[in-house]
Amino acid sequence: MKYQAVLFDLDGTLLNTLDDLRDAVNAALRSQDLPERSLEEVRNFVGNGIIKLMERAVPEGRDHPAFNEIMNVFRSFYGEHCQDKTSVYPGIKDMLCTLKKNHIRTAVVSNKADFAVQELMPVYFHDLIDTAYGENEAAGIRKKPAPDMIRQALRDLGCGTEDAVYVGDSDVDLQTAANAGMDCISVSWGFRGREFLRQHGAGIIIDEPSELSEKLK
């Protein structure tokens, strides 16, 4: 294999979390009698962390006088319901098993809130992912597309950027890989799609998880 490690985005790459995110967004909006958002709207809002998600979902963004209360409702609701409708994309677990069998180290680097990442990982990927990081800017670790979490994950894996590849479904993931100075493989089954990825500079796009092992060569 060309690479010793693969770092993955989570939402839209390994897990389809969109329905649970939509439900949490709308629960938070309902708490202030604000208009609810459609699944497609939420699909376009995600990718830059939960604060940016709610800035986009709330009509006045952070200028809404109850924005902090809305955020608290979102965090509470999502914490309780983040597993209700979330599912692993078909073929993902087989792909991760293949990587493990070939002694390829793995990590998740996500802009999803770290509390949610740590809750979801053992439920869906027990023993299949070596380490995982979610958004935790309060600890001074900048979220994607800054390379901070990438670098921390690579230190955990004992691997350099030249020996690792980042896999994700969005323009944020492409920017993150570029900022970290590492290769990127984009996936078309997530929240953005093949044409969007092409328009944002994706060089390698896979349509099925089973294609990843071949690209790693």
Side-chain angles (χ1 to χ4, degrees), residues 5-22 24-25 42-56 71 74-75 78-79 81-83 85-89 92-93 95-96 99 105-157 159 161 164-180 182-187 189-192 197 200 202 209 212:
V6 182
L7 281 60
F8 293 97
D9 172 53
L10 186 60
D11 293 19
T13 301
L14 300 180
L15 291 179
N16 185 352
T17 57
L18 198 56
D19 287 293
D20 284 333
L21 287 168
R22 185 269 319 276
V25 166
V42 174
R43 181 192 300 274
N44 291 321
F45 294 161
V46 298
N48 298 96
I50 60 173
I51 293 176
K52 185 62 70 174
L53 165 62
M54 294 310 298
E55 282 182 6
R56 292 164 175 162
M71 279 301 311
F74 174 88
R75 288 190 178 95
Y78 191 65
H81 298 279
C82 64
Q83 301 174 38
K85 300 173 184 176
T86 287
S87 61
V88 182
Y89 285 109
I92 290 294
K93 286 193 174 181
M95 175 267 291
L96 292 174
L99 294 180
R105 306 213 65 195
T106 53
V108 160
V109 176
S110 171
N111 274 347
K112 189 180 209 68
D114 190 61
F115 77 85
V117 171
Q118 303 309 326
E119 180 172 341
L120 293 170
M121 293 306 297
V123 174
Y124 295 100
F125 303 114
H126 180 65
D127 289 339
L128 290 177
I129 301 285
D130 294 312
T131 191
Y133 286 96
E135 185 275 318
N136 190 16
E137 289 198 312
I141 304 168
R142 293 176 298 169
K143 66 177 181 290
K144 300 184 302 182
D148 300 30
M149 289 192 290
I150 291 276
R151 290 171 179 163
Q152 192 158 359
L154 288 173
R155 285 194 294 270
D156 279 356
L157 299 179
C159 184
T161 54
V165 63
Y166 191 70
V167 178
D169 72 307
S170 74
D171 52 322
V172 175
D173 298 317
L174 288 162
Q175 294 164 10
T176 302
N179 290 341
M182 64 191 300
D183 294 337
C184 186
I185 296 173
S186 298
V187 306
W189 59 77
F191 295 168
R192 295 294 183 259
L197 293 166
H200 286 80
L212 182 61

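Counting from 1, the numbers follow the sequence of the chain as shown. Computed from a predicted structure; not experimentally measured.
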Would you tabulate the side-chain donor-acceptor contacts of residues 137-145 under 3.5 Å, counting partners in other chains and residues two or more places apart, or write 'none'?
residue: E137; atom: OE2; partner: K143; partner atom: N; Å: 3.0
residue: R142; atom: NE; partner: D148; partner atom: OD1; Å: 3.1
residue: R142; atom: NE; partner: D148; partner atom: OD2; Å: 3.2
residue: R142; atom: NH2; partner: D148; partner atom: OD1; Å: 2.8
residue: K144; atom: NZ; partner: D9; partner atom: OD1; Å: 3.0
residue: K144; atom: NZ; partner: V109; partner atom: O; Å: 3.3
residue: K144; atom: NZ; partner: Y166; partner atom: OH; Å: 2.8
residue: K144; atom: NZ; partner: D173; partner atom: OD1; Å: 2.8

Y133 OH to R151 CZ distance, which is reported to the nearest 0.5 Å:
14.0 Å

Partner set under salt bridge (charged side-chain N to carboxylate O under 4.0 Å, His left out) for K93, not counting sequence neighbours
none

Contacts of type salt bridge (charged side-chain N to carboxylate O under 4.0 Å, His left out), residue D11, not counting sequence neighbours:
K112

Taking only residues two or more places apart in sequence or in another chain, which ones pass ring-ring contact (aromatic ring centres under 6.0 Å, His included) with Y78?
F74

By side chain to side chain contact (heavy atoms under 4.5 Å, CB included), A202 pairs with (sequence neighbours left out) L174, S186, L197, I205

Between A132 and V117, which heavy-atom pair has the shortest distance, and what is it?
CB-CG1, 4.0 Å

Can you sort out the partners of A5 under side chain to side chain contact (heavy atoms under 4.5 Å, CB included), two or more places apart, ordered by chain and number?
L7, R105, L157, C159, A164

Using side-chain hydrogen bond (donor to acceptor under 3.5 Å, both in side chains) as the criterion, list what pairs up with Q152, not counting sequence neighbours.
none

Could you measure the distance from the CD atom of Q118 to the CG atom of N136? Nearest 0.5 Å is fine.
9.5 Å

Rounded to the nearest 0.5 Å, how far apart are CD1 of I92 and CG of L14?
5.0 Å

Distance check, rounded to the nearest 0.5 Å: I50 atom CD1 versus L21 atom CG?
9.5 Å

Which residues pass the salt bridge (charged side-chain N to carboxylate O under 4.0 Å, His left out) test with D114, sequence neighbours left out?
none

Is D169 close to F8 at the side-chain level, that is, under 4.5 Å between some pair of heavy atoms?
no

Side chain to side chain contact (heavy atoms under 4.5 Å, CB included) involving R56 - partner list, sequence neighbours excluded
F45, N48, K52

So do the side chains of V25 and L53 get within less than 4.5 Å of each other, counting heavy atoms only?
yes

What pairs with D19 under salt bridge (charged side-chain N to carboxylate O under 4.0 Å, His left out), at least two apart in sequence or on another chain?
R22

Using distance only, find each side-chain donor-acceptor pair of residues 121-130 under 3.5 Å and give its atom names and separation, not counting sequence neighbours.
residue: Y124; atom: OH; partner: T86; partner atom: O; Å: 3.2
residue: D130; atom: OD2; partner: T106; partner atom: N; Å: 2.9

What distance do D20 atom CG and L120 atom CG have between them, rounded to the nearest 0.5 Å?
8.5 Å

Does any non-hydrogen side-chain atom of Y89 lie less than 4.5 Å from one of T13?
no

Nearest 0.5 Å, please: how far is SG in C82 from CD in E119?
3.5 Å

Would you check if F191 and T17 make a side-chain contact, meaning some heavy-atom pair closer than 4.5 Å?
yes

Shortest non-hydrogen contact between L212 and M95, atoms and distance
CD2-SD, 3.6 Å

Among residues at least two apart in sequence or on other chains, which ones pass side chain to side chain contact (heavy atoms under 4.5 Å, CB included) with D171?
Q175, R192, F196, H200

